[in-house]
There are 2 protein chains.
Amino acid sequence: MAADAGKPKRGTYRHGDLRNALVRAGLELARQGGPEAVVLRAATREAGVAPNAAYRHFADRAALLHAVSQEAMAQVARTMEAEQAALPPTADPAAAARARFRAVGTGYLRFAQEEPGLFRTAFHVPGDMSHAADDSAAGGSGKTPFELLGAALDGLVETGRLPADRRPGAEFLAWSAVHGLAALLIDGPLRGLQPDQVHDAGQHLIDMVERGL
Amino acid sequence: MAADAGKPKRGTYRHGDLRNALVRAGLELARQGGPEAVVLRAATREAGVAPNAAYRHFADRAALLHAVSQEAMAQVARTMEAEQAALPPTADPAAAARARFRAVGTGYLRFAQEEPGLFRTAFHVPGDMSHAADDSAAGGSGKTPFELLGAALDGLVETGRLPADRRPGAEFLAWSAVHGLAALLIDGPLRGLQPDQVHDAGQHLIDMVERGL
DNA sequence: CCCGAATGTGTACATCGTACACAACGGGTG
DNA sequence: CACCCGTTGTGTACGATGTACACATTCGGG
């Protein structure tokens, strides 16, 4: 009994889609326990394969984690895009630009709240986070979270809502604020806030950013 | 030759100050490699003691890491206090309050830049970060970084620089912004910035916070 | 002086990442 | 169609880590 525990123990010698299977397994591990939970042996176990098989597709654990991280970042981008897509249509271009800007931050914070493990994994990045611009982190629109923010800021400038001389570097200021709040919400003193309180805190923060940019 | 490799291999059976020795060793590990580098066996090795000796003073690795984290947070507080102490004396109370507020952020960012490993360890906090208010995280003035920020904000209110109705929750907005920038500077896309560029970015961010609070 | 509580040691085990040698597959060339 | 070799998975092995359990040593009071 219990011959095949959960997994059907693939009959073929070849797996066929191991790399993807490992990333998917890693994604699930990350969802539940954040980046440190993305464990090579657990992923291979889930895929029904020997631990070392992973090394045919990833140089080491860090490489797998990186792939998982990129996928998590793409999910962040998709959440942002969804937030923007859900916006009510507006005739006023300035109001529309402002709403799109706020949706970027709101989507970011929503994702952090709903999927803290994946969020931490997305922005974990040991060593170098320059991958924030890699295509593999893009969402449906082909834009990474960072690029979505930049586009929203450009929209503010175009509609005269943000002085052009304040534009350079603005993404870092806005990102800092929102990212910092996400950190406080996830495992900071703000953890345990009710969802609507979280939403309020996010709106207050974005208010501050809009005023201060 | 090489009988005692580095450590003099304590003659006495009792160590006498193991708990502190472990925290100190952990602090050094954290400085070099961040929280994940705080390894029980390495700390005991450094203290010249068997691995299990640590369990007489800490429930597990997490407990040691927590102690190290609190000490790192105290160092953050001291850096903030030093930044405030270095301020030129001013007659104008409003200007003084503002300068003290800015010094809180500047000290925070300075520490993040100068001691990234310790900084990450200070605000690592797996599970619950409510310890940010524990006395063990206080600096020379007896205040934790969080309390120093609160006091600076109170000063802004007293001098009329910040409307009282904006005060509630303001520490979270300010902290979010500064903490987020620290994250981007340490292992985000802003890593590798020159120290003076870092300083400029910090001042810009604090400008934004002042305008937006 | 002597005995119990506090502190450190020794041994042991599960889990992890990963190196190295071997095995099974399967597609291209003859 | 047969063979052969590169790709992909397996097996075995090693060192490191956290930690449990039993034992040894020491110190401070009675």
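Naming: A, B, ... by sequence-line order, numbering from 1 per chain.
Evaluation of the side chain to side chain donor-acceptor pair (under 3.5 Å) rule for Arg211(A) yields no partner, not counting sequence neighbours. Applying the salt bridge (charged side-chain N to carboxylate O under 4.0 Å, His left out) criterion to Asp196(B), with sequence neighbours excluded, gives no partner residue. Every residue two or more places apart in sequence or in another chain that forms a salt bridge (charged side-chain N to carboxylate O under 4.0 Å, His left out) with Glu210(A) is listed here: Arg98(A), Arg102(A). Applying the salt bridge (charged side-chain N to carboxylate O under 4.0 Å, His left out) test to Glu158(A) and every residue at least two apart in sequence or in another chain returns nothing. Residues passing the salt bridge (charged side-chain N to carboxylate O under 4.0 Å, His left out) test with Arg24(A), sequence neighbours excluded: Asp17(A).
Where pairing requires Watson-Crick or G-U contacts shorter than 3.5 Å, the helical stems of DNA chain C with at least three consecutive pairs are C:1-30 with D:1-30.
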When the side chains of residues 28-36 of chain A are checked against the rest of the protein, which donor-acceptor pairs come out under 3.5 Å, sequence neighbours left out?
residue  : atom : partner   : partner atom : Å
Glu28(A) : OE1  : Arg31(A)  : NH1          : 3.0
Glu28(A) : OE2  : Gln32(A)  : NE2          : 2.8
Arg31(A) : NE   : Glu115(A) : OE1          : 3.3
Arg31(A) : NE   : Glu115(A) : OE2          : 3.4
Glu36(A) : OE1  : Arg120(A) : NH2          : 3.4
Glu36(A) : OE2  : Arg120(A) : NH2          : 2.6

Give every donor-acceptor pair under 3.5 Å between a side-chain atom in residues 54-63 of chain A and any protein atom, sequence neighbours left out.
residue  : atom : partner  : partner atom : Å
Asp60(A) : OD1  : Ala62(A) : N            : 3.3
Asp60(A) : OD1  : Ala63(A) : N            : 3.0
Arg61(A) : NH1  : Val38(A) : O            : 2.5

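The nucleotide whose nearest atom lies closest to any side-chain atom of Tyr55(B) is, among dT19(D), dC16(C), dT18(C), dT19(D). Counting only heavy atoms from C-beta on, Leu40(B) has its side chain closest to dG18(D) among dG18(D), dG17(C), dT17(D).
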Readout for nucleotides 5-14 of chain D: B = base within 4.0 Å of protein heavy atom, S = sugar-phosphate only, - = neither; 5' to 3' it is -BBBBBBB--

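The distance from atom CG of Leu22(A) to atom P of dG17(C) is 12 Å, rounded to the nearest whole Å. Nucleotide dT15(C) holds its C1' atom 16 Å from the CD atom of Glu36(A), rounded to whole Å.
Residue Arg61(B) places none of its side-chain N or O atoms closer than 4.0 Å to OP1 or OP2 of dA16(D).
Closest non-hydrogen pair, Gly107(A) versus Thr79(A), comes out as O-CG2, 3.5 Å.
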